[in-house]
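Naming convention: chains lettered A, B, ... in sequence-line order (proteins, then strands); numbering from 1 in each chain.
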Number of protein chains: 2
Amino acid sequence: MTQQIAERRPRLNRDRVLQAAVALADEVGIGPLSMRRLAQELDVVPMALYKHVANKEELLDGMVDVVIGEIDPPVAGADWKSMVRLRVLSARRVLQRHQWARRVLETRTNPTPAVLGYMDSFIGMFFAGGFSVDLTHHVMHAIGSRMWGFTQELFDATATSDGDAPAPVAPEVQAAMYQEMSANYPNVLQVATAASHDDGSVVGSGCDDQFEFEFALDLLLDGIERLHQLQWVSSEHPSL
Amino acid sequence: MTQQIAERRPRLNRDRVLQAAVALADEVGIGPLSMRRLAQELDVVPMALYKHVANKEELLDGMVDVVIGEIDPPVAGADWKSMVRLRVLSARRVLQRHQWARRVLETRTNPTPAVLGYMDSFIGMFFAGGFSVDLTHHVMHAIGSRMWGFTQELFDATATSDGDAPAPVAPEVQAAMYQEMSANYPNVLQVATAASHDDGSVVGSGCDDQFEFEFALDLLLDGIERLHQLQWVSSEHPSL
DNA sequence: ACCTGAACACCGTTCAAGT
DNA sequence: ACCTGAACACCGTTCAAGT
């Protein structure tokens, strides 16, 4: 009898905890994800989680590992540039499915095995392309978070803190914003309106995130290719 | 008499709150900065702060504004490339004095006037250099957080979460780490050792952050210069 | 071996009251 | 006009106890 009831809630284990945490974060965002809330979701008392995860930091580490596991492995038999490009765009798709993951990734203080594994195979793509260790090192820094398929966009319109849809702005408020912008930030306004001339909003970001991401990625990849062809070495510190 | 005592603790105002918050964050880090702790530092009950700052988010906004105020204005009469470069490096010095500011900046959900002002004058440097609105827009995205003098470095060794110095690693632990790295992450190890061959550590980042920052910055600036010279326009979407 | 309950030391913020 | 005190609804985590 009690066994029957127990079966309706299978034994907790690390994996079930992590999967539930990822699902919960996907649903409600990272802010409301607390140990207590997660426990509740699993029909368990908060302290039960601590048998499977040392503390909240380790929970977040585990969640990151789950997400990284979803990134495609490198495609075989292509040149380094397309391998890198495709991998980055795959990572991007994954991180976009788990909006919270970007921020959590940024707050990890030391890399988990999954993170190191990803970096290792990423570096391997440059090595396979004949890059020197030296150039590869600098290139990894230059690519930075783009390696994970995102860039640090301050104030990206899609990322509201509470996970709600952006609040609709009343027309008169929009007009007032426009006034203030044109008086104080004419350059910002010019760029913003040019970027969103085909959608209705004035200050909202009407620009194509994916295009911007690829623009910057290709700018970097082309620069990197040039350095590689020139057999650039850092010890000489020449102008690029 | 009571007036005498009151003079030893001058009236609170918004500026005093923000200055104290910045000083406290500089000292103890952003984690321990709570409304309660800040109030204590100001010899005041927590709720007293709420007369000068609507809530904690607004406090953080204000702190960001204080920091941005320390960035040098653009130097006059130089070409766009050196103007941008110098400004970014000035921002970098400021953000390095206030280590917490990077993370706080990243969590702002909508820009404060100081942020908009900085962006506006940043965009102005490209306009003054003859850039089209279109190219300027994409360039701003590509530069991203580098505009503020930092890049999103996951796991940078200087940023421990608690603000303590990195824990010293016992030699035998270091040896074990080396073993594990060479077995599982040979590429990471190769890059890491090459970068730190002149300092003692094996896995610690012995690389020159400033060099890496400028490497990536110049890679971008050179690519941007090339596009500008070619009068690149996004509507044609040519290969870069 | 795994889960529970009660407790501790924190948060940000509200409300009504004091001066 | 500004500051206070008590309270509320949350946190992560400890410890000792249950099964």
Side-chain angles (χ1 to χ4, degrees), chain A residues 1-21 24-25 28-64 100 103-104 107-109 161-164, chain B residues 1-21 24-25 28-64 100 103-104 107-109 161-164:
Chain A
M1 183 69 136
T2 49
Q3 216 161 348
Q4 281 275 62
I5 290 166
E7 264 175 340
R8 296 185 8 97
R9 195 190 76 199
R11 261 279 199 61
L12 227 50
N13 58 44
R14 192 165 203 273
D15 207 59
R16 248 172 55 77
V17 170
L18 296 183
Q19 295 297 341
L24 185 55
V28 302
I30 200 67
L33 181 96
S34 64
M35 297 298 277
R36 296 171 115 107
R37 173 86 186 256
L38 175 58
Q40 184 183 294
E41 214 76 14
L42 286 162
D43 262 320
V44 116
V45 92
M47 281 315 299
L49 301 176
Y50 286 79
K51 266 271 120 61
H52 305 100
V53 128
N55 49 39
K56 193 175 183 183
E57 282 297 289
E58 205 190 283
L59 175 75
L60 294 172
D61 283 347
M63 291 170 69
V64 164
W100 49 270
R103 196 154 296 273
V104 173
T107 61
R108 298 309 78 208
T109 48
S161 60
D162 43 19
D164 291 341
Chain B
M1 183 67 137
T2 49
Q3 215 161 351
Q4 280 274 60
I5 290 166
E7 263 176 341
R8 295 183 11 94
R9 196 192 74 200
R11 263 278 199 63
L12 228 49
N13 58 45
R14 190 163 205 275
D15 207 59
R16 249 171 56 75
V17 170
L18 296 183
Q19 294 297 341
L24 184 55
V28 303
I30 200 66
L33 181 96
S34 64
M35 297 298 277
R36 295 171 116 107
R37 173 86 185 257
L38 175 58
Q40 184 182 294
E41 214 76 14
L42 287 162
D43 262 320
V44 115
V45 93
M47 280 317 298
L49 301 175
Y50 286 79
K51 266 273 121 61
H52 304 99
V53 128
N55 49 39
K56 194 175 183 184
E57 282 297 289
E58 205 190 284
L59 175 75
L60 294 172
D61 283 347
M63 292 170 69
V64 164
W100 49 270
R103 196 154 295 274
V104 174
T107 61
R108 296 311 78 208
T109 47
S161 60
D162 43 19
D164 292 341

Please table the atom pairs, donor to acceptor, closer than 3.5 Å between any side-chain atom in residues 44-53 of chain B and protein atoms at least two apart or in another chain.
unit_1	atom_1	unit_2	atom_2	d
B:His52	NE2	B:Leu12	O	3.3

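The two atoms that bring B:Leu24 and B:Leu38 nearest to each other are CD2-CA, 3.9 Å, heavy atoms only. Residue A:Leu59 comes nearest to A:Ala21 through the heavy atom pair CD1-CB, 3.9 Å, listed as atom of the first residue, atom of the second, then distance. Minimum heavy-atom separation, A:Lys56 to A:Leu33: NZ-O, 2.9 Å. Shortest non-hydrogen contact noted between B:Pro32 and B:Gly29 is CD-O, 3.5 Å. Annotation for B:Ala25 and B:Met63: closest pair CB-CE, 3.7 Å, computed over non-hydrogen atoms.
The side chain of B:His52 contributes no N or O atom lying less than 4.0 Å from OP1 or OP2 of D:dC2.
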**Request:** At under 4.0 Å between heavy atoms, which parts of nucleotides 12-19 of chain D does protein reach? Answer with one letter per nucleotide, 5' to 3': B base, S sugar-phosphate only, - none.
**Result:** BBBB----
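Evaluation of the salt bridge (Lys or Arg N to Asp or Glu O under 4.0 Å) rule for B:Arg14 yields B:Glu58 as partners, not counting sequence neighbours. Under the rule for a side-chain contact (heavy atoms from CB on, under 4.5 Å), the partners of B:Gln19 that lie at least two apart in sequence or sit in another chain are B:Asp15, B:Val66.
For the pair A:Gln40 CD and D:dC11 C1', the computed distance is 14 Å after rounding to whole Å.
Consecutive Watson-Crick or G-U pairing (both distances under 3.5 Å) extending over three or more pairs maps onto DNA chain C as C:4-8 with D:12-16, C:12-16 with D:4-8.
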